[in-house]
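Structure first, commentary second.
Throughout, numbering of the chain's residues begins at 1 and tracks the sequence. Remember, it's 1-based here, ligands and their atoms both numbered in the order they're listed. Just so it is clear, the structure is predicted and the values come from calculations on it, not from any experiment.
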Amino acid sequence: MKITVIGAGNVGATCANVCAEKELAEEIVLLDIKEGFAEGKALDMWQTAPINMYDSRITGVTNDYTATKDSDVVVITSGLPRKPGMSRDDLIATNAGIVKSVTENIIKHSPDAIIIVVSNPLDVMTYCAYKTSGLDSRKVFGMAGILDTARYKAFLATELNVSPKDIQAVLMGGHGDTMVPLPRYTTVGGIPVTELIDEDRLNAIIERTKFGGGEIVKLLGTSAWYAPGAAAAQMVEAVVRNQRRVFPVCSWLQGEYGLKDIYVGVPVVLGKNGIEKIVELKLNEQEKELLYASAAAVKEMMDVLDNMN
Ligand SMILES: NC(=O)c1ccc[n+]([C@@H]2O[C@H](COP(=O)([O-])OP(=O)(O)OC[C@H]3O[C@@H](n4cnc5c(N)ncnc54)[C@H](O)[C@@H]3O)[C@@H](O)[C@H]2O)c1
């Protein structure tokens, strides 16, 4: 098994490190455009192998795609992160150019790879990678839902003073302020969350989740990386270990939920072929309305990308 992570910045390096510590592949390649950057990060990580006791071999390269040849899974994290005051959509022009050229290079050397996109604006960058790659849509998808759900679960665990391990939740829609948390599908050790927390507090947590990325950008001056990197690695794990995990994933819809030709977050089964199945929940009217509003916001940005082309 071989994994490539494009972009050795905060998110890419964290993702590669988690993949190595979980021994998800014999070979992990980290690639960045900045001279020596990926080499340095990879060397540092490899020197943790004797401490953290793993065998995955990590190497770093500067823009040398021959080193990525025959990768099974490629994670794209290259691109600018948000700075305070920026929305994810502000990154579209710069990051679309990066994601397009990176995808062309990936496909040249790994025509059968599964591609997981992390770069923002997430839904549109996933669309960009899909169109550029010419791959089956089941093999090109984006990471956002696991992160957004993790933020929601972490806030709930703090609020209820319980283990985050016991919180199950699903979140849909685009990766932005219009994301759609679904309290009806949130449980704590099997107990509906609505029985454990009053409506106002739950709504406050949902609002905090929607703006959870921005909260960190304000604190750090750049976007988050520990949780995003770990979330991307969890998707890699589901694929390389054929776990058939059920996760919210940014996926290409072809009529599911009444939406067509759009990348948006929905629950899926993730396994060795990528998206093995899209799970269709029976949403109520209010949930549908929120999902359609979120999809409309994504579609607007997809049109911006199409017009740029
Ligand atoms: N989907 C999500 O939930 C989520 C979460 C956090 C961050 N992000 C996004 O992930 C991306 C990376 O964030 P980060 O914090 O790691 O940023 P970063 O600046 O730390 O790292 C980005 C890296 O990409 C590299 N790069 C730029 N152009 C490249 C190219 N053409 N080829 C190879 N490498 C190239 C840069 O040199 C840099 O090292 C951003 O777009 C950010 O918005 C997404």
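Any N or O atom pair closer than 3.5 Å counts here, and M143 shares at least one such pair with ligand 1. Polar contact with ligand 1: present for N10 (N/O pair, distance under 3.5 Å). When only interatomic distances are considered, the shortest N/O to N/O separation between V118 and ligand 1 falls below 3.5 Å. Any N or O atom pair closer than 3.5 Å counts here, and F37 shares no such pair with ligand 1. Taking any N or O of V11, backbone or side chain, at least one lies under 3.5 Å from an N or O belonging to ligand 1. Taking distance alone, with nitrogen or oxygen atoms compared against 3.5 Å, D32 approaches ligand 1 more closely than that limit.
Looking only at heavy atoms of the protein, atom 22 (C) of ligand 1 is closest to G79 O, 3.3 Å. Of the protein's heavy atoms, I33 N, 3.5 Å lies nearest to atom 33 (C) of ligand 1.
Under a 4.0 Å N-O distance rule, the pair E207/K210 qualifies as a salt bridge. Ion pairing between K83 and D90 fails under the 4.0 Å rule for side-chain N and carboxylate O. Salt bridge status for D32 with K34: absent, with no side-chain N to carboxylate O gap under 4.0 Å.
Identified under the side-chain hydrogen bond (donor to acceptor under 3.5 Å, both in side chains) test for residues 174-185, with sequence neighbours left out: R88-H175, D148-H175, T178-S294, R184-E287.
For atom 3 (O) of ligand 1, the choice among H175, E35, R88, K34 with the nearest heavy atom turns out to be H175. Of the candidates P81, G9, C15, P121, G9 brings a heavy atom nearest to atom 21 (O) of ligand 1. Here atom 43 (O) of ligand 1 lies nearest to N120 when heavy atoms of I146, I6, N120, V217 are compared. Distances from atom 35 (C) of ligand 1 to the heavy atoms of G12, A150, S78, G142 show the closest one on S78.
Applying the 4.0 Å criterion to heavy atoms of L122 picks out, from ligand 1, the atoms 1 (N). In summary, the atoms of ligand 1 found under 4.0 Å from a heavy atom of P228, numbered by their order in the structure, are 5 (C), 6 (C). Remark: ligand 1 atoms within the under-4.0 Å shell around heavy atoms of L147 are 3 (O), 5 (C). Of all atoms in ligand 1, listed by their number and element, those nearer than 4.0 Å to a heavy atom of T77 are 11 (C), 12 (C). Those atoms of ligand 1 with a heavy atom of I98 less than 4.0 angstrom away are 28 (N), 29 (C), 30 (C), 31 (N).
Contacts of L80 with ligand 1, taken as heavy-atom pairs under 4.0 Å, involve the backbone alone. Contact annotation: for A224 versus ligand 1, heavy atoms closer than 4.0 Å belong to the backbone alone. Residue N95 touches ligand 1 through its side chain alone, judged by heavy-atom distances below 4.0 Å.
Evaluated for a side-chain contact (heavy atoms from CB on, under 4.5 Å) with L171, the options V180, I146, T209, V266 yield exactly one hit, T209.
With 3.5 Å as the limit, one finds no donor-acceptor pair spanning the side chains of T132 and T103.
Side-chain atoms of K299 come within 3.5 Å of backbone N or O of D261 as a donor-acceptor pair. For the pair E280 (side chain) and Y257 (backbone), a donor-acceptor distance under 3.5 Å is present.
Aromatic ring orientation, Y263 versus Y130: perpendicular (interplanar angle above 60°, classes split at 30° and 60°). Ring-plane geometry between Y65 and H109 is classed as parallel, the angle between the planes falling under 30 degrees on a 0 to 90 degree scale with a further cut at 60.
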* Criterion side-chain hydrogen bond (donor to acceptor under 3.5 Å, both in side chains) on T4 and T68, from CA distance to verdict -> CA-CA 6 Å; T4 287; T68 70; 4.9 Å; no
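Other residues, nucleotides and ligands contribute more than 12 heavy atoms inside 6.0 Å of the CD atom of E104.
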